[in-house]
Amino acid sequence: MTDATIVLSSALALPGVLLLLCLFPSVRARMPKFAVIAPVPALAAAWFAGRDPSIVFATHFFQGHLALDVAGALLLAAAAILWICAGLYAATEMRRSRNAGNFSAWWLTAMLGNFGVVMSADIASFYLFLAAGTIGAYGMIMHTMTPDARRASVTYIGFALAGEASILIGLVLLAAASPGHSLLIRDAVAGLSPSPWRDLTVAFLALGFGLKIGLAPLHIWMPLAYTAAPISAAAVLSGAAVKAGVIGLIRFMPFDAGSVNVGTGLAMAGIVSTFYGVAVGITRANPKTILACSSISQMGVIATLIGVGLATANAGVAIAAAFYGAHHVLVKGGLFLAAGIGVSDRRNRWLVFVPATVLAFALAGLPFTGGYLAKEAVKPFIGEGAFAIFAALSAAGTTLLMLFFVTRLGSASHDPRGTPTASGLLVPWLATAFFAIAIPWLSLSLTDAIPISEVNSIADLWSAIWPILIGGGLVALWLNQKRQPREIDVASAADIIRRMMTICTSTVERAEAILRQWQAGSISLLAVTTVLIVIIATGR
Amino acid sequence: MIADAATSLDAASTHGYLLVLAIVVPVGGVLIATAVGGRTAERTAFAVIAAGLILGFAILLDVWMTSRPLAYVLGNWAAPLGITLRADGISAVMLVTTALIIAATALYACADFTIPRDGLEARAPFVFWVLLLAVWAALNTVFLSGDLFNLYVALELLTFAAVPLVALSGRAEAITAALRYLLFALAGSIFYLLGVALLYGAYGTLDIILLHQRIRPELAVSLAVAMMTAGLLAKTALFPLHFWLPPAHAGAPPAASAILSALVVKGSFFLIIRIWFDVLPGSRSLAAAQVLGVMGAAAILFGSIVAFRQARLKLLIAYSTVAQIGYLFLLFPLVVGFEGSPWSATAWTGGWIQLVSHAFAKAAMFMAAGLIAQALGHDRIDDLGGVARALPLTVLAFAISGISLMGVPPSGGFVAKWLMLSASVEEGQWWWAVTVVAGGLIAGAYVIRVMTRMLGPRLELPTLSVKVDRWRQSLPLSLAICAMLLGLLPLQSLELLQVGLPHFLGSAGR
Amino acid sequence: MTSATLFGLCGAILIGLGLFELITDPHPLRKILGFNLLGGGVFLVLGVVARRGAAAGYLGDPVPQALVITGIVVAFSATALAVALVVRLSEVSGRVSLAYASSEQTDSDGAEG
C-alpha cells in the first residue's frame, strides 16, 4: 500500500467509520467531541499532496478513484481546518441540544461529502459524494426544527436536487463522449473537445454547479439556509460545503478546449451575482443573512473568473479559483462563528470585533492580509483591462457589505439562544481568524504552483486600497441615511414557486380523479388494445 | 441461444430437476398447509421458504457459472405438445429476488399473522400463509415456464392468490378494491387468452422456442401480440390502466402490500418481456415500442405527481409504484430497434436493475409504513411528526428506500437510472432522458416531503399504540440495504442478464 | 359460410356483448356475467381453432379442446371468487359498487385489521 493509498483512504475512512458508529445511541450522544478529529487525515492528505505538485497523488478502490492535485489540496486543506475549528465550536454549541448526536450524524455525512467531492477522480464517486454532501446539509439546516428551518431545508434540497439533476445530465453526456468509456474525470473532460455535444454538456454542468454555488438568479436557497442553520453548520456549509460547486467547476470545465458561449454566460451571471449579493445584503438585519448574501457575491467573483477562463480557454484560472476559494472558506466560516458569539460581555467585544473587522477588510483585499494575495491571484485574469473596473467595484462593494455586517454584529442580541460566551466558542473563532489570515501566506511559501509574485509595488498596494476606502465611505453614507430600506423578501420568490407547483399538481390530481373511474379505465384498455393492433399491424 | 433451439429442445440440462422443484415445493406447501391447517400452515411456509431460497440460489449459480439457460422437459414429452421449463438469466435473477423478498415478508408477517397455539384458527393468518405460498408458486411458474398456455394458468393463479390478500382486512374499501382488481385482471387475462388462441390457430404450437422459429409477420400475429400485451398491461397497471392499483395496494395489510407491489405486478411485466423478446422474431414493431415508452413516461410523471399530493402514506407509496412501473417500460423503446448496438444491452441491464432494486425498495417502504401505521394508529402524512425519534430504524429504512427511488447514489436505483440515461443519450432518444431525470426530481419531492414530516418535532413523543420490536424494524432495513447494495454494481451491462436471450442484444449474450 | 366461420362470428359477438357489459354496467354482478360472456366467446373461438386445425379424419384438434376445458375451470373459479367477494361486500357494507366512497381518499384509519 502506497503512501497515497493510506493517506487518501483514511481521509474518507475516518469520517465514514465515525458515521457508522453513529448507529449506536451511546456513541452517538458523545459524537460531537469525536467529530472534531475526523478531518485530521484529510488535512494530512492535503499536506502530502500539495507539497510536491509534480508527484501524482492518487489511488483507487474497486472502481472509485481518488486523486489530489494542487487546486484540490488547497481547498481540502482550508476545508479541513474549518471543519476542525467549527467542530470545536459545535461541541460547545450543541452541549445543551437534545439531539446533538443526530446533528453529528448529519455533520459527518456533510463532511464525508465535502472531502469526497474534492478527492474524487471519477464521475460516479464524484456524484455519490455530491449527493452525500447535500443530504448532510439538509439534516443540519433542519436541526432546530422551527418552521423556518424546515422551510429552509426543503427549499435547499429542492434547489440542490434540481442542480444535481442538471449535473447528472451533464455527467451522462460527458461519459458518453469520454474516450473508451472511461469514467475518470480527467479522461472524460479531455475527450470533450472533439465532442459534438460539448457546449450542451458544459452548459448543463455549469448550470448545475452554478445552482450549487448560489449564482443569481438561482441563489434563493442560500440566505434561507444559512440563516436557519445553527452557527457551526452555517459556517461549514457556507465555507466548505458550497465549494463543492467550485471544485466541480474547476474539475469539469474544459479549460483547454474552452467554450465561448457557456463561459460568457457564466461570467455574466457571476458579475450580476457579485453586485446583487451586495445590494440584497445591505437591506438585511440578521448578520447571518448578510453573510449569506456576501457568499453570493463572492461566489459570483469565482464564477466570473471561471467564466472568463472558459471563454478564453485559459487553464490557469483553476489554481487561482482554488486559492480564492480556499481563502473564502476560512474567512466566511470564521465570520459565521463570530456571528454566534454573544457580545454582551465587555471583554469579549474586542476579541470578537477586532478580528472580525480585519477579516472583513481581508475579504475586500486589504494589503498584507490573505485576501490581498487572493485578489492578486485573480488579478491576471479579471483584474486587468476592462475588468479592472469590475475588480475595483467588487472590492468596494465587499467592503461596504462586510463593514455593514460588523456594525450589525454589535446590534441587539441576534442570537436567540443568547448563550454566555464560553471559551469553547471564542477559541475556535480566534483560531479560524488566525488561519484565515495566515494560510494564504503559508501555502504560498509551501508550494510554488501558485502564480503570485511576492514583489509588491506601491501601485499595486494603492490599487488595492482605494476601493476599500470608497467602500468605507459608502458604509458611512448608508448607515447615516434615515430611510428604512425595504427588505427584498427572498422568501417570497420561493413562495411563488410553491404556489405554481400547487396549481400544476392539483390539476393532475383532478385528472386522476377522472381516470380512476372504472369506465375510464376499461375504455382505456380497449383504446390501448386498438392502438397497439393498428400500430403493430401496419408497422410490419 | 435461440438458434440452438433444435438441440436444446431435446437436451434437458443436468440440473433441470431444480426447476421442477422450484415449482413443486411451494405448491406442495400450499397443499399441506391447506390440508393440515392450524400452526402447520405457518411452519410449512417457513420450511418452504428455506427450501425455496436454496433452490433459487442454486439455479442462479448454475446459470451464472455455465452461462447457459437451464432447461427441463416435462414428462419427456417434447414440444410442440410438451411443456418445457426454462431458466435463463433474467429468470434466475427474478427467482432469487422473489425468494429473498418473500422470506423477509414472512419474517415480518410473523407478528401480525400468528396462528394461536390452541389450534383455533383465525381466518386471516391461515389465509395469509397459504396464499403467500400460492403467490410464490405462481411467480416461479411465470418465471420458468416455456409454454404460453402454461403461463396463462400461472398468471391466473397469481391473480387468484393476490386478490384475497388485498381483501384480507375485511373492511369494505379493501373488499371493493379487491373486487375491482379481480375484475380488471380478469379482463386482462381474457385478452391474453384470446391472443393465445389466435397464435395457436396460426402456428399450431404454444411452445415459446418453436413459436420463435415459426412466427412470421402477419395479421394474426399482430392481433395476438397486441391483445396479449394490452391484457398484460392491465395486470401490470401501466398508465392509464393503473386505476385499480392504489386502493388495492394501500388497502392490503402491509406484508401483503409489500408482496403485491414488489413482485406480483412484476410477474405480468415479465410475461410482456417474454412475448416481445423471446416469442417475436428479430424485427419488432418500433412504433409499438415507442407507444409503450410513451405510456411509461406518462406513468412516471403522472404517478409521481399524484403521489406527491397524497395525504396518506400508504397511498403515496402505492402511487409511487405506479410511477416506478413506468421506468420499466422505458426499456422497450431503448432496446427495440437497436439490436446489435451495445446500448441495447446497457438499457436492458438498466431496466432489470431498476426492477430488482424497486422490488427491494418498495417492499421495504411498505413494511416501514406498516410499522409506522401500527405504532401511531394512523398513516396521515401531516401527523407523522416525532416518528423518527420513536422508530429510528424504520425511518432509516424508509429513507434508504427513498434514496433508491429517487435515483441518488449509492443505490440500485441510481445505477439503473445512469444506465438508462446513457443508453437514451447514446441512441439519440434524449426525450427519455428528460423523463427519467424529471421523474427522479418529483420522486425526490415526495420522499423529502415525507422525510421532513417524519424528522419533524412533536410536542410530546407520540404514544405508541403497539410496541414495535427492534428485530422487526430491522427487516425493512435489511431489504433497503439490499437495494443500496445493488448500487455497487458496475455502471455497465451485465452478462448474467443476457444469458439465454437471443443474441440481438449487442454483446455476447448466449 | 362454413359452420366454423359461423361459430367464429358467434364468438366475436359474445365477446363484444361481454365487453360491453363488463365496461358499462355499474353493478358488479352484471360485470361478472359480462366476464362469463367474454370467456364464452373466447372459448368458442378456441373451438373454431380446434375445428380448423383438425387433422384428416378427425373432427377437431384436441389441444384447443384441452385449453377450453382448462379455461372453463379457470373462469369458473374466477366467477366463484368474484361472487364470494360481492356477497361479502354486501354483508359488510350493504351497498355493492365499484365506485369510490367519498371518504376513501381522506380515510384516516391506516391500521389494518
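All values derive from a computational prediction rather than experimental measurement. Every chain is numbered from 1, with letters handed out A, B, ... down the list of sequences.
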Is there a side-chain contact between A:Val528 and B:Met295 (heavy atoms, below 4.5 Å)?
yes
So what's closer than 4.5 Å to chain B heavy atoms on A:Phe129: side chain, backbone, both or neither?
neither
Residue part contacting chain B, namely of A:Ile123, when any heavy atom lies under 4.5 Å:
side chain
Which pair of non-hydrogen atoms, one from B:Ala230 and one from A:Thr529, has the smallest distance, and what is that distance?
CB-OG1, 3.3 Å
Interface moiety of B:Leu219 toward chain A, non-hydrogen atoms closer than 4.5 Å:
side chain
Name the member of B:Ala224, B:Pro246, B:Pro240, B:Gly440 that forms the most heavy-atom pairs with chain A at distances under 4.5 Å.
B:Pro240
Residue part contacting chain A, namely of B:Ile442, when any heavy atom lies under 4.5 Å
neither
Could you have a look at A:Leu532, A:Leu526, A:Leu23 and say which one has the most heavy-atom pairs with chain B under 4.5 angstrom?
A:Leu532
For a quick test of reading the model, state the closest non-hydrogen atom pair linking A:Leu525 to B:Ala187 and the distance between them.
CD2-CB, 4.2 Å
What is the distance from atom CD1 of B:Ile305 to atom CE of A:Met501, rounded to the nearest 0.5 Å?
9.5 Å
Report, as yes or no, whether the 6.0 Å neighbourhood of atom CH2 on A:Trp197 holds more than 12 heavy atoms from other residues, nucleotides or ligands.
yes
Report which part of A:Thr502 has an atom under 4.5 Å of a heavy atom belonging to chain B: side chain, backbone, both, or neither.
both
How long is the span from the CZ atom in B:Arg309 to the SG atom in A:Cys504, to the nearest 0.5 Å?
10.5 Å
Interchain contact, B:Ala288 with chain A, by part (heavy-atom threshold 4.5 Å)
both
Close side-chain approach of A:Arg516 to B:Trp244, heavy-atom, < 4.5 Å
no
For the candidates B:Phe308, B:Phe239, B:Phe184, which exhibits the highest count of non-hydrogen atom pairs separated by less than 4.5 Å from chain A?
B:Phe184
Does a side-chain heavy-atom distance below 4.5 Å link A:Gln517 with B:Phe243?
no
Please flag which part of A:Leu171 lies under 4.5 Å from any non-hydrogen atom of chain B: side chain, backbone, both or neither.
both
A:Thr146 versus chain B, heavy atoms under 4.5 Å apart: side chain, backbone, both or neither?
neither
For A:Ala511, is it the side chain, the backbone, both or neither that has a heavy atom under 4.5 Å from a heavy atom of chain B?
both
Between A:Met145 and chain B, which part of the residue has a heavy atom less than 4.5 Å away: side chain, backbone, both or neither?
both
Under 4.5 Å from a heavy atom of chain A, the part of B:Leu421 involved
both
Identify which part of A:Ala176 has an atom lying under 4.5 Å from any heavy atom of chain B, answering side chain, backbone, both or neither.
both
Quick one, B:Trp430 with A:Leu200, criterion side-chain contact (heavy atoms from CB on, under 4.5 Å). Give me CA distance, side-chain angles, the key distance, then yes/no.
CA-CA 12 Å; B:Trp430 53 269; A:Leu200 196 64; over 6 Å; no
Of the listed B:Val306, B:Val436, B:Leu238, the one with the largest count of heavy-atom pairs under 4.5 Å with chain A is B:Val306
Please look at B:Val291 and chain A and tell me whether the side chain, the backbone, both or neither of the residue comes under 4.5 angstrom of a heavy atom of that chain.
side chain
Quick check on A:Ile157 against chain B: is it the side chain, the backbone, both or neither that has a heavy atom closer than 4.5 Å?
side chain
Identify which part of B:Leu301 has an atom lying under 4.5 Å from any heavy atom of chain A, answering side chain, backbone, both or neither.
neither
Check A:Ala131 against B:Val408 and note the closest heavy-atom contact, atom names and distance.
CB-CG1, 3.4 Å
Can you confirm whether B:Met406 sits close enough to A:Leu161 that some side-chain heavy atom of one is under 4.5 Å from a side-chain heavy atom of the other?
yes
Decide yes or no for A:Glu512 and B:His242: does some side-chain heavy atom of the first lie under 4.5 Å from some side-chain heavy atom of the second?
yes
Quick one: do B:Trp418 and A:Tyr127 satisfy ring-ring contact (aromatic ring centres under 6.0 Å, His included)? Show the steps, please.
CA-CA 11 Å; B:Trp418 175 276; A:Tyr127 195 72; 7.7 Å; no
Taking the side chain as everything from C-beta on, heavy atoms only, tell me whether A:Tyr138 gets closer than 4.5 Å to B:Leu455.
yes
If you tally heavy-atom pairs under 4.5 Å between each of A:Ser506, A:Ala177, A:Ala149 and chain B, the highest tally belongs to A:Ser506
Check the pair A:Ile533, B:Ser222 against side-chain contact (heavy atoms from CB on, under 4.5 Å), reporting the backbone distance first and the verdict last.
CA-CA 6 Å; A:Ile533 291 177; B:Ser222 309; 5.8 Å; no
Using 0.5 Å steps for rounding, measure from the CG atom of B:Leu286 to the CD1 atom of A:Ile536.
11.5 Å
Taking the side chain as C-beta and beyond, is there a heavy-atom pair between B:Gln290 and A:Ile535 under 4.5 Å?
no
